[in-house]
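Here is the structure we will look at.
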Amino acid sequence: CALPIYEAGQKWQLIIEGGNCRVLSTIIDDQTAPSGWQDLQVSLSHLANTVTELTITCAPVTAPAPTWVISPTWKA
């Protein structure tokens, strides 16, 4: 899933939670995404054979901007 969460000069925290646990927490900024995009892979193997809501949160760290929350339900 490609998320438009980064703009040059900004710093964002990306958090993915599912199955009552945090599966990813990382900073997206000029260093981690110099081209404006960062490819990430997240293992959801602990959610196999379940229907789970994943919550993807993108929150600004250094720039005043809205926090984005995406909560799709995935069948793993």
Side-chain angles (χ1 to χ4, degrees):
C1 156
L3 302 172
I5 60 169
Y6 172 77
E7 293 181 27
Q10 293 185 350
K11 183 184 262 189
W12 292 79
Q13 174 148 21
L14 171 64
I15 299 170
I16 301 176
E17 297 173 313
N20 294 321
C21 68
R22 185 169 288 184
V23 294
L24 176 75
S25 178
T26 190
I27 296 294
I28 309 294
D29 62 13
D30 291 336
Q31 282 190 312
T32 62
S35 67
W37 293 95
Q38 183 178 15
D39 291 329
L40 300 169
Q41 293 186 358
V42 177
S43 173
L44 301 175
S45 60
H46 67 286
L47 302 173
N49 301 313
T50 65
V51 175
T52 302
E53 182 174 285
L54 292 180
T55 302
I56 304 168
T57 305
C58 304
V61 174
T62 57
T67 297
W68 300 6
V69 177
I70 303 167
S71 294
T73 298
W74 297 80
K75 169 76 168 125

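Computation of the quantities below employed the complete heavy-atom set of this structure, encompassing side-chain atoms and omitting hydrogens, waters and symmetry-equivalent molecules.
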* Group every Ile, Leu, Val, Met, Phe, Trp and Tyr by side-chain heavy-atom contacts under 4.5 Å, then state whether Val23 and Leu40 land in the same group. =>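 Same cluster.
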What heavy-atom pair brings [X] and [Y] nearest, and what distance separates the two atoms?
X	Y	answer
Gly18	Leu54	CA-CD2, 3.8 Å
Asp29	Gln31	OD1-N, 3.0 Å
Ile27	Thr32	O-OG1, 3.1 Å
Ile15	Ser25	CG1-OG, 4.0 Å
Leu14	Cys58	CD1-SG, 3.7 Å

* Output all residues satisfying side chain to side chain donor-acceptor pair (under 3.5 Å) with Gln38, sequence neighbours left out; order by chain, then residue number. =>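 Partners of Gln38 by the side chain to side chain donor-acceptor pair (under 3.5 Å) criterion come out as none, since no residue qualifies.
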* From Gln10 atom CD to Ile28 atom CD1, the distance as rounded to the nearest 0.5 Å ->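 Result: 12.5 Å between the selected atoms.
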* Got a sec, which pairs hit salt bridge (charged side-chain N to carboxylate O under 4.0 Å, His left out) with one end in residues 12-24, sequence neighbours left out? ->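 Qualifying pairs: Glu17-Arg22.
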